[in-house]
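Quick notes on the structure that follows.
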Amino acid sequence: MTPISRRAVLRLLSVAAAAAALPLHARRFGADLGVDPALFPQAVASGDPTSTSVVVWTRLAPAAWGRELVLQVSEDSGFGALRVERAFAVGADTDGCLKVRVENLDPGRTWHYRFIVVGSRGDAASPRGRTITTPADDDDRDLHLAVLSCQDFSGRWYNSLLPLLDAPLDAIVHLGDFIYETTADPSFQSDDGRRVVFDDADGALGLGDGGFQAARSLDNYRQLHRVYRTDPALQALLAKAPLIAVWDDHEFADDAWQDVATFHDGRRDERDAERRRASEQAWFEYMPVDVGGGFEGVAVDAAALHPATRIWREFRFGRRASLTMTDYRSARPDHLVPEDAFPGAIAVDEPTLRDALPRIGETFEAWAPKLQPYVALGAPEYRRWRRPLARALRRAYAAEGLGADEVDARVEAILSAPMALPVANAILARHDASAWFFLDAGPIPEVPGLPRGLSWAGVGKSRLFDAVGSRYFVFADGYGLLARLRAAGIEGATGQRLGSALGEAQAAWLAEAPTRNAHTRWRLVGSSVSFTPLRLDLRRPELQAPAAWAQEVLLNVDHWDGFPVEREAWLDRFDREGAVLLSGDIHASLASQHRPRVVEFTVPAVSSKCLGDILERNVTGDAATREAGQRLAAALDPLLRHGYAGLRYAQTRRNGSLLLRIGADALEARYFEFDGALAGECLYEQPARWRAAVQEHRFIVVRGEGALRLDAQASHQTRSSGTVNWA
Ligand SMILES: [Fe+2]
C-alpha cells in the first residue's frame, strides 16, 4: 500500500461535474467508442447517491494498469451531453479499482457513465452504467428500491435478480453477505458448477480438515469480490441503479463479531485484526460506497479500517423517504453464551439470582423449578467423585484435539467451580458405563437444600465446543433470563457485560434518526440481520421431539434475538415515529408487524442455501434423531409463525429478492421467489423458464392514523407452493 496521508486522500476524493454539457471541442472521445469487456471484467457500478453526488466505480484488468483511464458522465445515454470527462490512473494499490465521487450533479435525475482506456492501438470503453441522484429535499416523487442479501457464488446463480432487471429502480439496497468468505463449505455451499479457488492458497485459512478454505489475506478477499462481480446478472443490475450497501458477517467471517471469527467454536482464539482489516480494505475498494476512502485509484485509507471503521450512514430521497443503514457487526459484543462454555458450569448462581431477580421484576421462587441444583466439587463430601469426573472430562477434551496442558487447565477450572448436578451425573454415568466395575463412581445424590442456578446446559449447551446452545437453538427461557440479567448490568460467572449490539456511537446516531428525518413521509431502517424473533416451540406434540429438546428455542441468537432487551427498546423507539425495517441474512422471507407503527421485511437470500434446507441438513445428520429432525424441518414455517404473533409471512425454502414501491400513503412490497433447488441452475438465458418459475408475494403497508398497517395482497403464484397463511 502506498503510504499516503489522510489529508491527501481527502484532497483527491472527488470530481465536480461541469454546470452544463461540455462543448464538443472540449471533449476527447467520440460517443460511439467500441466496448472491450475484457478490459473491464467486473464492468461498472455506482453507489451512495445524494441529491448532488454519486460514487461511480470500475476495475481495470491488470494488463491495462498504468494506462490513462477516463471517466465520462453524461446527461444522456448517447454520451452527447457530457458533464464530466476526466482522466485517472489505477494500479496494484487498489487492485485496479477506481472509485470516484462525482459532485455538482442535479437532483433527482438519471446519469450515464462509462470509463475509457486510452491506448496506443486505440481507445476502448467499458460497458455503460446508469445511475440516479436522489430527489431534492422538497421533491415528493415515488421511490423504487430493490432489497437484497446473501448472494453466495459457489455452485449457485443469481436468478433472483432477473425480475429486477426490467423493474423501475431508484437504488439497490444490499444488506450484506455480498460475498461469502469460504470456498465450498459443505454445510451450506456447493462445490459443483462455478466456485472460487484462492490464488493465494497459502494466505487462506484451511477449514474442515483441509477440505475447504476461508479468506484471510487481502488477496483472498479481493479475489472473492473480483470473482463475484463477474456474474452477468449482478453486473446488469449494478449498471442500472446506484447501490447502497452495508456488510454483514460473511464479508469477513461467519457469525463474526468485531475482528473475531467463530469457525472453531472456542477451541482457539480467533481474534485476527489483520484479517478483519484485509476484508474491510477489499470491501472499500470494490464497493461503490462513499466511506472508507479508496477513491480515484488511491489506496484505501488505513486509518478508516478496523477498529475505527464507520460504515453506518443515511440516505434521503426527497420528502418521500429516508434510509438509515446500520452496521451490526463492527461493534457488537461476543455472543452471550460462549461456544466453549462447559454445559455444567453455572452461569448465574443462586445468591446472584436471589439478589438480581427482584431487580428485573421476577422472584427466585418462581424461577427455581426451571433452574438446576448444583454442587461445589471442591467440598470434602464430593471428594470421591472428583477423580472419575476429572478422568471423563480429560478424555472428552482430549478427544476435541486439545493439548495436554490445556486439557489440564480446563478440567482444573471446571472442578474448582460449581457444577450442575444433572450434568455431573450424566458425565459419571458415561464414565461408569466404560469403566471397570471397581472404578464405578455412582451418581452424586441429590440431597435437599442444594443451591439452584442457571447452568449453560439450562441455556441449551450440551457439548464442549458447539454453536448449538451458544449461537443457535438456545433455550428461550434460560437465554431470555440471562439476556435480561446481563442487560441490567448483572454479570454472573463469566463477568461478561452485554454492550449495545450497535456500539454506543452508532446507537446514539440511530436514536436521532427520526429527528433528522422529521420531514420525510417514510423512515426506512436497513439492518443486516432481522429484528423478527425466530422462536420455535419444540414441545408441540406433533413434533415428538426428544425430551431434552422439548423446549421453546430461539433458532439464531447471532441475530437481534441475541439482544432481546435492546431489540425491544429499539422497536418501542421506532414505534414513536413509525419505521419500515429492511433486513436479511437469515435466508428466509419474513414479513412482520412488530408494533402498530413498525413493519419489517426480511429478504430471502439471492442465492445462498435457504434456511429450511440448511436446518434440514443440520438436524438430520445424526441417525438417532433423524426422524425428529425431519419433522422439525418440515414444520419450520408454521412453527415460526406460531412462535411470533407479529409474523405475517414466513417462507424458508425459496431464494429471492424484494422490490419496494414507496408511494405517498402506501408502500408496496413484492417478494420475487424461486424454489431453492433452482439456485443451482443458471436461468439467465431462459426467460420463459424463470418467468414460469418465479412466485410473487405482495404486501401493502398503509400509512394510517398513527399506524402502519401491513396487509397481504392477493399473491400471484404461477406455481403454487401450497398455502400461505396470513395471520
Ligand atoms: Fe447469508
Side-chain angles (χ1 to χ4, degrees), residues 146-161 172-190 195-196 207 212 214-215 221 224-225 227-228 231 234 243 245-257 261-263 279 283 287 325-330 332 335 467 471-472 526-532 534 555-562 582-590 600-618 636 640 650-658 671 673-674 676 679-680:
V147 191
L148 306 170
S149 74
C150 301
Q151 52 191 32
D152 187 14
F153 185 93
S154 285
R156 308 182 81 81
W157 298 88
Y158 303 157
N159 303 316
S160 302
L161 305 182
I172 302 152
V173 179
H174 202 294
L175 296 163
D177 294 357
F178 200 94
I179 57 162
Y180 280 76
E181 81 285 17
T182 46
T183 59
D185 176 346
S187 70
F188 72 98
Q189 296 181 300
S190 323
R195 60 179 297 194
V196 181
L207 294 174
F212 64 99
Y221 283 109
L224 287 165
H225 285 280
V227 172
Y228 277 53
D231 180 274
L234 181 59
L243 177 70
V246 285
W247 56 46
D248 193 37
D249 51 342
H250 287 284
E251 278 84 352
F252 169 52
D254 182 34
D255 287 358
W257 57 279
T262 60
F263 296 125
S279 75
W283 194 81
M287 303 295 278
M325 294 290 278
T326 62
D327 173 3
Y328 181 79
R329 293 290 168 186
S330 301
R332 61 154 296 165
H335 303 85
R471 309 196 301 275
Y472 313 135
S527 165
S528 66
V529 299
S530 182
F531 285 80
T532 298
L534 303 178
L555 184 56
N556 182 353
V557 292
D558 181 58
H559 283 191
W560 272 110
D561 264 339
L582 305 171
S583 60
D585 190 52
I586 192 64
H587 306 190
S589 307
L590 310 169
E600 179 174 37
F601 295 103
T602 301
V603 299
V606 165
S607 59
S608 307
K609 196 165 186 168
C610 300
L611 174 65
D613 298 322
I614 296 177
L615 182 95
E616 179 164 344
R617 182 188 182 281
N618 290 323
L636 182 59
L640 288 170
Q651 75 74 22
T652 61
R653 298 283 187 166
R654 294 191 290 275
N655 293 108
S657 55
L658 182 72
Y671 284 102
E673 295 173 351
F674 291 87

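Read the numbers this way: they start at 1 and go in the same order the structure lists the ligands and their atoms. This is a predicted model, so every value here is computed, not measured.
- The aromatic rings of Tyr158 and Phe153 lie perpendicular to each other, with more than 60° between the two planes, well past the 30° mark.
- Aromatic rings of Tyr228 and Tyr180 (six-membered ring for Trp) have centroids beyond the 6.0 Å cut-off, not under it.
- Closest to the Fe ion (ligand 1) among the N, O or S atoms of Asp177 is OD2.
- The name of the N, O or S atom in His587 nearest to the Fe ion (ligand 1) is NE2.
- In this structure, SG of Cys150 and OH of Tyr180 enclose an angle of 90° at the Fe ion (ligand 1), rounded to 10°.
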Derivation and outcome, ring-ring contact (aromatic ring centres under 6.0 Å, His included), residues Trp560 and Tyr328: CA-CA 9 Å; Trp560 272 110; Tyr328 181 79; 5.5 Å; yes

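- Two rings, from His559 and Tyr472, have their centers 6.0 Å or more apart.
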